[in-house]
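Comments concern the structure below.
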Number of protein chains: 2
Amino acid sequence: MHIEFSPDDFQVALSTSVVLYGFDGEDLKLLIGTKTNEPYKGADVLPSVVVKPKEDPILVARELMRSITGFDDWLIERLNVFADPYRNPVGRVVNIAYYGTLRLSEDLENDLRHSEYRWVKADHIPPLAYDHNDIVDYSKERLKRRVKRRPIGFSLLPREFTLNQIQRLYECALGRELDKRNFRRKLLKSELLIDTGKTIRSSPRAKRPSGLFRFDEKKYRTLSLEGYDFVYQ
Amino acid sequence: MHIEFSPDDFQVALSTSVVLYGFDGEDLKLLIGTKTNEPYKGADVLPSVVVKPKEDPILVARELMRSITGFDDWLIERLNVFADPYRNPVGRVVNIAYYGTLRLSEDLENDLRHSEYRWVKADHIPPLAYDHNDIVDYSKERLKRRVKRRPIGFSLLPREFTLNQIQRLYECALGRELDKRNFRRKLLKSELLIDTGKTIRSSPRAKRPSGLFRFDEKKYRTLSLEGYDFVYQ
DNA sequence: ACAAAAGTGTTACACTTACACCCATGT
DNA sequence: ACATGGGTGTAAGTGTAACACTTTTGT
């Protein structure tokens with residue numbers, strides 16, 4: 001097999017975009033920004049950046065996430081490559097997209113309020129420039145699959161959370177309602193939750209407080225190594 | 001958000017590799033070739049080809065598959081992008097890999113015998129140049145996942161096959177033994193198999209012939225649309 | 001008749017689903 | 001006392017897993 005590159009072959013540019021999910025206790029959301037230069041000036045886009053020829057896309061994507069959030073408490077994973085020859089009008093640009101999850105906090109919310117990004121509900125994404133709506137659609141499918149098989153949801157929740165919060169998150173990600181008793185039974189049976197003994201009032205209107213749980217990461221890692229699969233069909 | 005490409009950013013080349021699976025009734029195999037020019041001259045590699053800056057990788061990958069097999073009776077799907085900056089010594093080359101399945105036949109076997117490719121058992125892959133072993137590992141995981149959820153296996157089998165053949169295929173893909181009775185019950189319950197009424201002797205030593213089945217593609221498409229998931233854990 | 005692979009059922013257990021009321025607390 | 005969301009159990013059905021022998025056919 002003869003494989004040979006000519007100088008003409010080295011004329012492609014790389015970019016990366018990230019789909020960043022957050023969950024505010026009510027809705028699943030993701031971050032979008034606005035393009036400030038041509039092409040597509042003024043259009044909504046995913047957080048994106050050029051990847052220089054010597055750079056590694058995952059590192060660039062991580063750096064982008066760090067620049068958005070200001071810290072490192074998140075999960076990131078490769079999504080896909082978007083390589084349609086005409087996806088970018090400025091030339092041949094191959095986009096290597098990632099998706100990640102953020103643990104929302106007041107600090108982060110405030111930071112973002114003064115940044116160039118804003119949250120939109122994951123089930124009401126506005127039209128985006130380039131093929132970014134395709135990227136978002138793809139990431140939603142992936143998130144759904146991940147939520148079904150891995151306890152990824154915990155990375156979207158506060159470190160301590162109520163069972164109702166996590167149920168709501170699962171309902172958002174899976175796009176359907178779940179039975180409260182069955183959901184709890186299943187989750188508790190996995191023994192991946194630690195009851196902190198603490199309680200919290202979920203809203204001013206809620207009189208009775210709910211119990212707070214933590215995710216047992218150490219146990220999960222052990223189980224993972226043994227091939228454990230947390231499956232929620 | 002300001003995203004701007006400078007001319008210097010357009011210095012990346014693209015390539016594509018395909019992982020082609022076949023099943024001969026005994027073992028799951030895949031195709032590899034030998035590099036005839038530097039770098040890595042003489043080393044084993046996946047079937048690979050340069051993607052020109054104006055080309056679409058999926059079309060190039062399909063053309064590569066066509067050139068290998070001589071016909072169109074196969075399935076192909078994007079696998080992943082391999083973008084480590086130093087994966088290729090000749091420069092920055094991003095590889096967009098695909099995997100596919102072939103329906104082996106005597107004609108195809110003969111064609112390949114005179115080609116630059118050869119079959120190796122999927123569980124005994126020799127060391128390959130570049131990061132091609134990573135690509136193969138990734139494709140194996142993908143195949144495993146696909147086999148679990150979709151009746152992809154049929155695309156590796158002859159149009160008419162025995163239940164023992166398909167069980168053997170599943171055992172190869174999943175990497176473990178399955179109970180014959182349970183496997184048959186599950187498969188037949190899905191009602192995706194049509195009993196042709198015909199029989200075949202699976203080997204010269206087998207005295208009793210086995211029944212031949214066909215995959216009901218039409219029914220599968222209908223069920224797919226309804227969100228049916230064929231799950232084999 | 002024998003060798004070889006094809007084919008076939010049952011039982012115990014685990015998991016899933018559907019379903020409705022009482023509880024704890026703050027106001 | 002009442003309003004609010006928090007929390008709980010059971011029963012029927014479905015799917016899974018483990019298990020060994022009989023049947024058919026060619027030689």
Side-chain angles (χ1 to χ4, degrees), chain A residues 24-27 147-149 151 157-158 160-171 174 176-214 223 227-233, chain B residues 24-26 147-149 151 157-158 160-171 174-214 223 227-233:
Chain A
D24 63 6
E26 285 292 313
D27 293 295
V147 160
K148 282 184 186 179
R149 300 201 74 82
L157 292 169
E160 302 189 336
F161 50 84
T162 70
L163 295 179
N164 287 316
Q165 279 178 311
I166 190 170
Q167 182 177 346
R168 173 80 189 143
L169 170 59
Y170 267 67
E171 289 175 337
L174 298 179
R176 65 191 163 92
E177 303 218 322
L178 300 170
D179 180 271
K180 184 153 59 159
R181 282 168 289 191
N182 295 337
F183 182 79
R184 283 170 189 233
R185 187 178 14 253
K186 183 149 190 174
L187 216 54
L188 293 172
K189 181 171 56 63
S190 77
E191 297 192 307
L192 287 168
L193 297 192
I194 300 169
D195 189 340
T196 65
K198 298 187 237 174
T199 58
I200 193 176
R201 280 183 67 192
S202 62
S203 81
R205 292 183 317 195
K207 325 290 184 184
R208 179 176 177 177
S210 344
L212 279 171
F213 291 79
R214 270 190 308 118
L223 288 174
Y228 170 81
D229 248 359
F230 176 84
V231 176
Y232 214 97
Q233 302 286 356
Chain B
D24 62 6
E26 283 293 314
V147 160
K148 282 184 185 178
R149 300 201 74 83
L157 292 169
E160 301 190 338
F161 50 84
T162 71
L163 295 179
N164 287 317
Q165 279 177 312
I166 191 168
Q167 181 177 346
R168 174 80 189 141
L169 170 59
Y170 269 67
E171 288 176 338
L174 298 178
R176 65 191 163 92
E177 303 219 322
L178 300 170
D179 180 272
K180 184 152 62 157
R181 282 168 289 190
N182 294 338
F183 182 79
R184 284 169 189 233
R185 188 178 14 256
K186 185 150 189 173
L187 216 55
L188 293 172
K189 182 170 57 60
S190 77
E191 297 193 306
L192 286 169
L193 296 191
I194 300 169
D195 189 341
T196 65
K198 297 187 238 176
T199 58
I200 194 176
R201 279 182 71 190
S202 62
S203 82
R205 290 183 318 195
K207 325 288 185 184
R208 179 175 177 179
S210 350
L212 279 170
F213 291 78
R214 271 191 307 116
L223 288 174
Y228 169 81
D229 248 357
F230 177 85
V231 176
Y232 213 96
Q233 301 288 353

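Keep in mind it's a predicted model, so treat the numbers as computed, not measured. Chain letters run A, B, ... following the sequence lines, proteins first and then strands; every chain starts at 1.
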What about B:Lys180, does its side chain sit under 3.5 Å from the base of C:dG7 through a donor-acceptor pair?
yes
D:dG5, OP1 or OP2 - any side-chain N/O from A:Ser202 closer than 4.0 Å?
no
Rounded off to whole Å, could you give me the CZ-to-C1' distance for the A:Arg184 and C:dC15 pair?
20 Å
Across the strands shown, which category fits B:Pro204 at heavy-atom distances under 4.0 angstrom: base, sugar-phosphate, nothing?
nothing
C:dT17 phosphate, OP1 or OP2: any side-chain N/O from A:Asn182 under 4.0 angstrom?
no
Nucleotide C:dG7, atom P - distance to CG of B:Asp179 in whole Å:
15 Å
Can a donor-acceptor pair under 3.5 Å be found between the side-chain atoms of B:Arg181 and the base atoms of D:dA17?
no
Tell me if the CZ atom of B:Arg201 is crowded by more than 12 foreign heavy atoms within 6.0 Å.
yes
Separation of A:Lys186 atom NZ from C:dT17 atom P, in whole Å?
7 Å
Looking at every strand, decide which applies to B:Arg205 at a 4.0 Å heavy-atom threshold: base, sugar-phosphate, or nothing.
sugar-phosphate
Let me know the distance between CD of B:Gln165 and C1' of C:dA6, rounded to the nearest Å.
13 Å
For A:Ser203 and for B:Ala206, find the nucleotide of DNA chain D with the closest heavy atom, then tell me which residue's nucleotide is more 5'.
A:Ser203
B:Glu160 and B:Thr196 have their tightest heavy-atom pair at OE2-CG2, 3.7 Å
In this structure, how many angstroms lie between the P atom of D:dG5 and the CZ atom of A:Arg168, rounded?
14 Å
note: B:Arg176, atom CZ; D:dT16, atom C1'; distance rounded to Å ~ 12 Å
To the nearest angstrom, how far is A:Phe183 atom CZ from D:dG6 atom P?
14 Å
For the residue pair B:Leu193 and B:Phe213, what are the closest heavy atoms and their distance?
CB-CD2, 4.0 Å
Using a 4.0 Å heavy-atom cut-off, does A:Arg185 contact any base of the nucleic acid, only the sugar-phosphate backbone, or nothing at all?
base
How close or far is atom C1' of D:dG26 from atom CD1 of B:Ile200, stated in whole angstroms?
16 Å
Tell me if the CZ atom of A:Arg184 is crowded by more than 12 foreign heavy atoms within 6.0 Å.
yes
Close side-chain approach of B:Leu192 to B:Leu223, heavy-atom, < 4.5 Å
yes
Any N/O donor-acceptor pair, A:Arg208 side-chain to D:dT4 base, under 3.5 Å
no
Of the options C:dT27, D:dG7, D:dG5, whose atoms approach the side-chain atoms of A:Lys207 most closely?
C:dT27
